[in-house]
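Report on one structure; see the data block that follows.
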Amino acid sequence: EAQVTQNPRYLITVTGKKLTVTCSQNMNHEYMSWYRQDPGLGLRQIYYSMNVEVTDKGDVPEGYKVSRKEKRNFPLILESPSPNQTSLYFCAGFLAGGYNEQFFGPGTRLTVL
Amino acid sequence: SQQGEEDPQALSIQEGENATMNCSYKTSINNLQWYRQNSGRGLVHLILIRSNEREKHSGRLRVTLDTSKKSSSLLITASRAADTASYFCATDARRTTDSWGKLQFGAGTQVVVTP
């Protein structure tokens, strides 16, 4: 089954404790992207990747890192999480040369205390 | 900043009625897309309309695009309880196939369909 998976789905952590949210897709998508969703603000892009080893900042990259060492994986790293990073996070993938229709993962709800 | 702004923010209707929501945006676009999100879950792509198209249908969905007014509408006909969800418009301002198009999402319209 074609899908984008994220782990963990729920995470409660404390300020400053490094964490990684994994994202994996089995659809051979070149492009992958991370979003955060906050009430009243819709989805805002954090980082995106156009292919292996090619990443760039989105609209709200501060406090986040990403890597793309393999085509299927695109982890989101919070080196020192803060309470303002409490949010619902989504990973998405899509094909190059298409119309940018994105396939979303199920989401990771992160709470930073 | 948000490119798309949905209106209304919330909509409550009865089964069988039509639901209409609107999206306005600020800059020129390559295409506009609508997504659905069931509570707390991932977004699901519904329909895409290109900038040179004016209307598109998919099942019970009808999307219109007016580039002169920078607006789009999504109509769900004969709504069902299962249509209860949040609906988001997203704009792709990509200019060429070589440039990566960032999707800009609005804040969404929350639709509740009661039996």
Side-chain angles (χ1 to χ4, degrees), chain A residues 2-7 9-10 21 23-25 27 29-51 54-61 68 87-111, chain B residues 1-10 21 23-26 29-53 56 58 63 65 85-110:
Chain A
Q3 59 183 349
V4 178
T5 58
Q6 295 179 228
N7 281 292
R9 295 289 313 281
Y10 302 91
V21 183
C23 172
S24 183
Q25 51 94 3
M27 294 175 281
H29 288 161
E30 291 87 358
Y31 293 140
M32 297 183 76
S33 188
W34 274 104
Y35 295 89
R36 60 177 290 172
Q37 184 178 27
D38 302 289
L41 295 178
L43 275 77
R44 293 179 293 167
Q45 190 183 53
I46 302 169
Y47 268 94
Y48 63 93
S49 170
M50 289 159 279
N51 215 322
V54 183
T55 64
D56 207 348
K57 297 176 181 178
D59 294 321
V60 288
R68 187 97 181 269
S87 187
L88 181 57
Y89 291 87
F90 290 100
C91 179
F94 55 105
L95 290 169
Y99 286 102
N100 217 357
E101 302 166 34
Q102 304 201 8
F103 294 85
F104 282 81
T108 295
R109 187 167 293 280
L110 172 66
T111 301
Chain B
S1 62
Q2 289 171 235
Q3 161 79 311
E5 300 282 344
E6 287 95 342
D7 172 62
Q9 290 186 329
M21 59 211 85
C23 171
S24 60
Y25 57 92
K26 297 172 185 163
I29 60 171
N30 176 282
N31 64 74
L32 184 144
Q33 304 173 32
W34 286 90
Y35 288 80
R36 184 186 72 209
Q37 183 183 34
N38 291 92
S39 181
R41 306 190 68 171
L43 279 73
V44 175
H45 183 267
L46 292 176
I47 194 166
L48 177 151
I49 187 164
R50 289 179 281 182
S51 60
N52 62 353
E53 297 176 313
K56 204 159 181 181
S58 176
V63 170
L65 179 65
S86 293
Y87 293 82
F88 295 85
C89 70
T91 52
D92 179 0
R94 175 176 41 170
R95 290 273 179 250
T96 70
T97 54
D98 290 335
S99 64
W100 191 84
K102 179 188 300 184
L103 281 186
Q104 294 277 353
F105 285 85
T109 293
Q110 191 168 8

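Per chain, numbering begins at 1; letters A, B, ... match sequence-line order. The analysis underlying the following values was restricted to heavy atoms, covering all of them including side chains, and did not include hydrogens, waters or symmetry mates. Quick caveat: nothing in here was measured; it's all calculated off a predicted structure.
- For B:D7, the side-chain hydrogen bond (donor to acceptor under 3.5 Å, both in side chains) test picks out no residue, with sequence neighbours left out.
- To the nearest 0.5 Å, the span separating CZ on A:F104 from OH on B:Y35 amounts to 5.5 Å.
- Within 6.0 Å of the CD atom in B:Q9, the count of heavy atoms belonging to other residues, nucleotides or ligands does not exceed 12.
- Only the side chain of A:Q37 comes within less than 4.5 Å of a heavy atom in chain B; its backbone stays farther off.
- Inter-residue side-chain proximity for B:L43 and A:Q102 is flagged as unmet; no heavy-atom pair is nearer than 4.5 Å.
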request  = With side-chain contact (heavy atoms from CB on, under 4.5 Å) as the test, would you mind laying out the steps for B:H45 and A:F94 before giving the verdict?
outcome  = CA-CA 11 Å; B:H45 183 267; A:F94 55 105; over 6 Å; no
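- The shortest heavy-atom contact between A:G40 and B:A107 is O-CB, 3.5 Å.
- For a residue to count as touching a neighbouring chain, one of its non-hydrogen atoms must lie under 4.5 Å from one of that chain's; by this rule B:Q37 touches chain A with the side chain only.
- Of the atoms belonging to A:L43, heavy atoms from both backbone and side chain fall under 4.5 Å from chain B.
- In this structure, B:R41 and A:F90 approach most closely via the heavy-atom pair O-CZ, 3.3 Å.
- The CG atom of B:L46 sits 11.0 Å away from atom CD of A:E101, with the distance rounded to the nearest 0.5 Å.
- Around atom CD of B:Q110, no more than 12 heavy atoms belonging to other residues, nucleotides or ligands sit under 6.0 Å away.
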